[in-house]
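This report refers to the structure that appears directly beneath it.
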Amino acid sequence: MTTSVPLPQELQTIRISEVSKSYGDYPVLKEISAEVAHGEVVVICGPSGSGKSTLIRTINRLEEINSGSITFDGQNIHAPMRTKALNLLRSRIGFVFQNFNLFPHLSVVENVSISPIRVKGIAADVAHQKALKLLDRVGLADKAQAYPGQLSGGQQQRVAIARALAMEPPVMLFDEPTSALDPEMVGEVLGVMKSLAAEGMTMLCVTHEMGFARDVADRIWFIDAGQILEMAPPEEFFKSPRHPRAQRFLADLRH
Amino acid sequence: MISDMIAIIKDYWLLLLIGQYPNGPLGGLANTLILSALSIALAFPVSILLALARLSKWPWLRWPVTAVVYITRGVPLLMLILWSYFLVPLWTGADVPSFAIMLTTLVVYQGAFLSEVVRAGIVSLGHGQMDAARALGHGYLGAMRYIILPQALFNMIPSILSTFVSTIKDTTLGYVINVPDLTFAASQVNNQLLTQPFQVFLILAMVYYAICWSLTYVANRLERRIARRRAGLSGLGATPLVTPAKIISEQL
């Protein structure tokens, strides 16, 4: 996986088909259909309240859906299944939260190694060594023994990425990973995400970082009011968005 | 007066310490400590199970447990003790020792109170921690065991401690069903002396205070040690650089 060019249909890793979801009477997602190919980087953008975060949370079933289906490597994520099977599926989809959600009672290296140890049953010393390698990769090897409360927001989010990577997921989902950060810390997190993309990781990112979208994304999905209004490569999306709502969104961003 | 109290302790220390033992059942301070320790040791895990049941997504588990917790919390402990004392032998026909009756009643009663503390601790963590654990593939119980409960229980140490302390104090109610504990022994001493109730019961109060204070002291030290470790300050000496912001609510 060294390419980030979209691969043919049979290599799709995530397929979302006609997914609808509503909170009570209020529809959040309206018959959304889309595919993500192996090694593809998709940036999901749109105004707030458009359903971006809900959509990405349905992909590892942190949110249930009302109808439609989402398959990951051919497995229907929202089919009725044993919790063991669902946990196994989830462990193969990395998820990075807006608020990091690190485990504050565990040291940084324990945050990264606890899931391989407890979920995969990997020996503690092996998981520990691997955690240190991952922390080195996100530039935080020296913080291994620190606790989350001692780290800056940017450092915490990089630990959160390392924690997700520790399960060796073929796919990573990012839910506004830089929205809770001070501006000067956004760069370090985007840097880690860029290096992941360069290594061929399949990624879905909900983000408002249009610079990142332009540089790294293979495709942009523009969502508004629970529908994907536009799917386009970044150069096309930024230069000549077709949908009037997307044109207005981009115009607002430039102010 | 202090000389009176010293004299009482000199004359009756063995009775106050172990009751009639070995000529009768074990009693006095020893029995109070055993009853307290067993009540706390059993009520704590029971409270975690009750809290998990009350947070369960299955109504058939949630509703009965909620009802039990509400009813238990809504009636006086003394009444529960009398109920168990008179009704259990009536229903079962078995001769249940009063110690066992007292222990069971205390475990149920304090377990119900403690379960609300544990539940509050879990709920106050918010969804983020559970979401993160689930997203990494942890099962519900695994997430509870390794992620949620270590945080929830730590945050609730002051309230948990209050319940432990009140459990110790509630063992005195065993007196009404003739559990031979420290209070029972003190009352025997008082009946023999007749003229010195103030001195006898002051000794009793001081012993209970010492027990409850020791527990509070140990728990506070434990809390500070964990807080220091989580602030990454272990091995930096005894004085915490970051004092945990906490409302001390121990109830003595």
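What you see below is based on every heavy atom in this structure, not just the backbone, and it leaves out hydrogens, waters and symmetry mates. Chain letters run A, B, ... following the sequence lines, proteins first, then strands; residues in each count from 1.
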Under 6.0 Å from the OH atom of A:Y23, do we count more than 12 heavy atoms belonging to anything else shown? yes
More than 12 heavy atoms of other residues, nucleotides or ligands under 6.0 Å from OH of B:Y175: is that the case? no
Which bit of A:N99 is near chain B, if near means a heavy-atom gap under 4.5 Å: side chain, backbone, both or neither? neither
Roughly how far apart are A:L106 CG and B:Q151 CD, rounded to 0.5 Å? 7.5 Å
How long is the straight-line distance from CZ of A:R118 back to NE2 of B:H138, given to the nearest 0.5 Å? 9.0 Å
Compare every heavy atom of A:F103 with every heavy atom of B:A132, then report the nearest pair and how far apart it is. CB-CE2, 4.0 Å
Does the A:N101 side chain pair with the main chain of B:G128, one donor and one acceptor, at a distance under 3.5 Å? yes
A:R163, part contacting chain B, at a heavy-atom distance under 4.5 Å: both
Heavy-atom count check: over 12 atoms from other residues, nucleotides or ligands less than 6.0 Å from A:K133 NZ? no
Heavy-atom closest contact (B:Q129 atom, A:L102 atom, distance): NE2-O, 2.9 Å
Give me the atom names and distance for the closest heavy-atom approach of A:F97 to B:A135. CZ-CB, 4.1 Å
If every non-hydrogen atom of B:I147 is compared with every non-hydrogen atom of A:H105, which pair is closest and at what distance? O-CE1, 3.4 Å
When you look at CZ of B:R225, are more than 12 heavy atoms from neighbouring residues, nucleotides or ligands closer to it than 6.0 Å? no
Using 0.5 Å steps for rounding, measure from the CD1 atom of A:I93 to the CG atom of B:L136. 12.0 Å
Part of A:T83 within contact of chain B (heavy atom distance under 4.5 Å): neither
